[in-house]
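My structure is below; once you've seen it, I'll send some questions.
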2 protein chains.
Amino acid sequence: MAQFVHPASQDITLAGVLAALSDPMRLRIVKSLLGQADCMSCTAAAPCPDMAKSTLSNHFRVLREAGLIRTTKKGVEHQNTVREADLNARFPGLLKAILKHAEEG
Amino acid sequence: MAQFVHPASQDITLAGVLAALSDPMRLRIVKSLLGQADCMSCTAAAPCPDMAKSTLSNHFRVLREAGLIRTTKKGVEHQNTVREADLNARFPGLLKAILKHAEEG
DNA sequence: TTCAATAGTCCCATACTTCCGAACTATTGA
DNA sequence: TCAATAGTTCGGAAGTATGGGACTATTGAA
């Protein structure tokens, strides 16, 4: 899946993670993804239906480049998952501590 | 001290806190402030000596408006403290979880 | 096969932020 | 009263985000 840029887990930075999650839309995307056991397509995880496709795509790119999610292509959809294990290995407890406080939904 | 804008603790938002801390310089400022028992002036907490005064001032404004620090004026200096109690009341465990991973220094 | 539909990405113009230097304010101390 | 110090505010240049439209890739149906 060389078409997507996924940083190695040791390259995930604290500032990068915080910057990625500091956008309420992206926080909601990550929360959606964690709520699902399975992968989700971009549109399925979209925080609001009226967001432009390009903007949504951009948010996913930011999350990917920050190392928060991994995207693989399956047919016409892209499957996204939170890189929970990598994140917990790099910054133990951080993701949980942040998402605990993300608004209910 | 009406000259500074300090949000009420219930107005502190998760996105605001994350955005404020997603800048490495501001993360270092907060880390410096927490390392001190006492208040610190802006320049004393400055993350690097060659940063423009206006930039530093702006970082402190962002931290203030996000509710991370409180600033009071004392003579020619401004005294800054982290609003630890407010933050812990609003988002228990968050500040600690983030700063635990901030680079050593 | 070809064609339409679907899911995302890429590109670009506009709008918003951030950074810094310079000018400004406020306080202190000589 | 004047110089020095600590920050703030302003304005322009550089960077970043947004969303519309064109583009690519895959699927499923005719």
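Chain naming here is simple, since letters A, B, ... match the order of the sequence lines and numbering starts at 1 in each.
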> Within this structure, what is the CD-to-P distance between Gln79(A) and dA25(D), rounded to whole angstrom?
Replying inline: 19 Å
> With side chains defined as the heavy atoms from C-beta onward, is the minimum distance between Asn80(A) and Cys39(A) less than 4.5 Å?
Replying inline: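 No - every pair of side-chain heavy atoms lies 4.5 Å or more apart.
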> In whole Å, what is the span from the NZ atom of Lys73(A) to the P atom of dA25(D)?
Replying inline: 7 Å
> Reckon Arg26(A) touches a base, only the sugar-phosphate, or nothing at all at heavy-atom distances under 4.0 Å?
Replying inline: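 Contact class for Arg26(A): none.
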> For Met51(B) and Met40(A), take the nucleotide of DNA chain C holding the closest heavy atom to each; which residue's nucleotide lies nearer the 5' end?
Replying inline: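 Between the two, 5'-proximity favours Met40(A).
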> So, Arg90(A) and Ser9(A): side-chain donor and acceptor under 3.5 Å apart, yes or no?
Replying inline: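 No pair is found: no donor N or O on one side chain lies under 3.5 Å from an acceptor on the other.
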> Please give, in whole Å, the distance from dT5(D) P to Lys53(B) NZ?
Replying inline: 11 Å
> Centres of the His78(A) and Phe60(A) rings: under 6.0 Å?
Replying inline: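 No, ring centres 6.0 Å or more apart.
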>> Rounded to whole Å, how long is the line connecting atom CD of Glu77(B) with atom C1' of dG29(C)?
In response: 14 Å
> Of the nucleotides dG19(D), dA6(D), dG7(D), which one has an atom closest to the side chain of Thr55(A)?
Replying inline: dG19(D)
>> Over all strands shown, is Ser57(A) touching base, sugar-phosphate only, or nothing at heavy-atom distances under 4.0 angstrom?
In response: base
> When the distance from CG of Leu63(B) to P of dT8(D) is rounded to whole Å, what number comes out?
Replying inline: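 Going from Leu63(B) (CG) to dT8(D) (P), I get 12 Å.
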> Hey, is the side chain of His59(B) poking within less than 4.0 Å of OP1 or OP2 on dT18(C), counting only N and O atoms?
Replying inline: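 Checking dT18(C) against His59(B), no side-chain N or O comes under 4.0 Å of OP1 or OP2.
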> Asp86(A) and Ile12(A): which non-hydrogen atoms are nearest, and at how many Å?
Replying inline: CB-CD1, 4.5 Å
>> Under 4.0 Å, counting only non-hydrogen atoms across every strand here, what does Ser54(B) touch: a base, just sugar-phosphate, or nothing?
In response: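 Counting heavy atoms under 4.0 Å across all strands, the contact made by Ser54(B) includes a base.
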>> Can you measure His78(A) atom NE2 to dC10(C) atom C1' for me and round it to whole angstrom units?
In response: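 Taking atom C1' of dC10(C) as the reference, NE2 of His78(A) is at 13 Å.
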> Closer to the 5' end of DNA chain D via nearest nucleotide, is it Gly75(A) or Arg61(A)?
Replying inline: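 That would be Arg61(A).
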>> Within this structure, what is the CE-CG distance for the pair Met40(B) and Leu34(B), rounded to the nearest 0.5 Å?
In response: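 Between atom CE of Met40(B) and atom CG of Leu34(B) there are 10.5 Å.
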> Side-chain N or O of Thr43(B) less than 4.0 angstrom from OP1 or OP2 on dG7(D)?
Replying inline: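 Checking dG7(D) against Thr43(B), a side-chain N or O does come within under 4.0 Å of OP1 or OP2.
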>> In this structure, how many angstroms lie between the P atom of dT27(D) and the NZ atom of Lys74(A), rounded?
In response: 10 Å
> Under 4.5 Å between any side-chain heavy atoms of Ile69(A) and Thr81(A), yes or no?
Replying inline: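 Ile69(A) vs Thr81(A): side chains apart.
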> Between the side chains of Thr71(B) and Arg64(B), is a donor N or O closer than 3.5 angstrom to an acceptor N or O?
Replying inline: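 A pair is found: one side chain offers a donor N or O, the other an acceptor, under 3.5 Å apart.
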> Given pairs defined as Watson-Crick or G-U wobble with both distances under 3.5 Å, what dot-bracket annotation applies to DNA chain C, with ( ) intrastrand, [ ] crossing, | other strand and . unpaired?
Replying inline: ||||||||||||||||||||||||||||||
>> What is the separation between atom CZ on Arg64(B) and atom C1' on dT9(D), rounded to the nearest whole Å?
In response: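 Arg64(B) atom CZ is separated from dT9(D) atom C1' by 13 Å.
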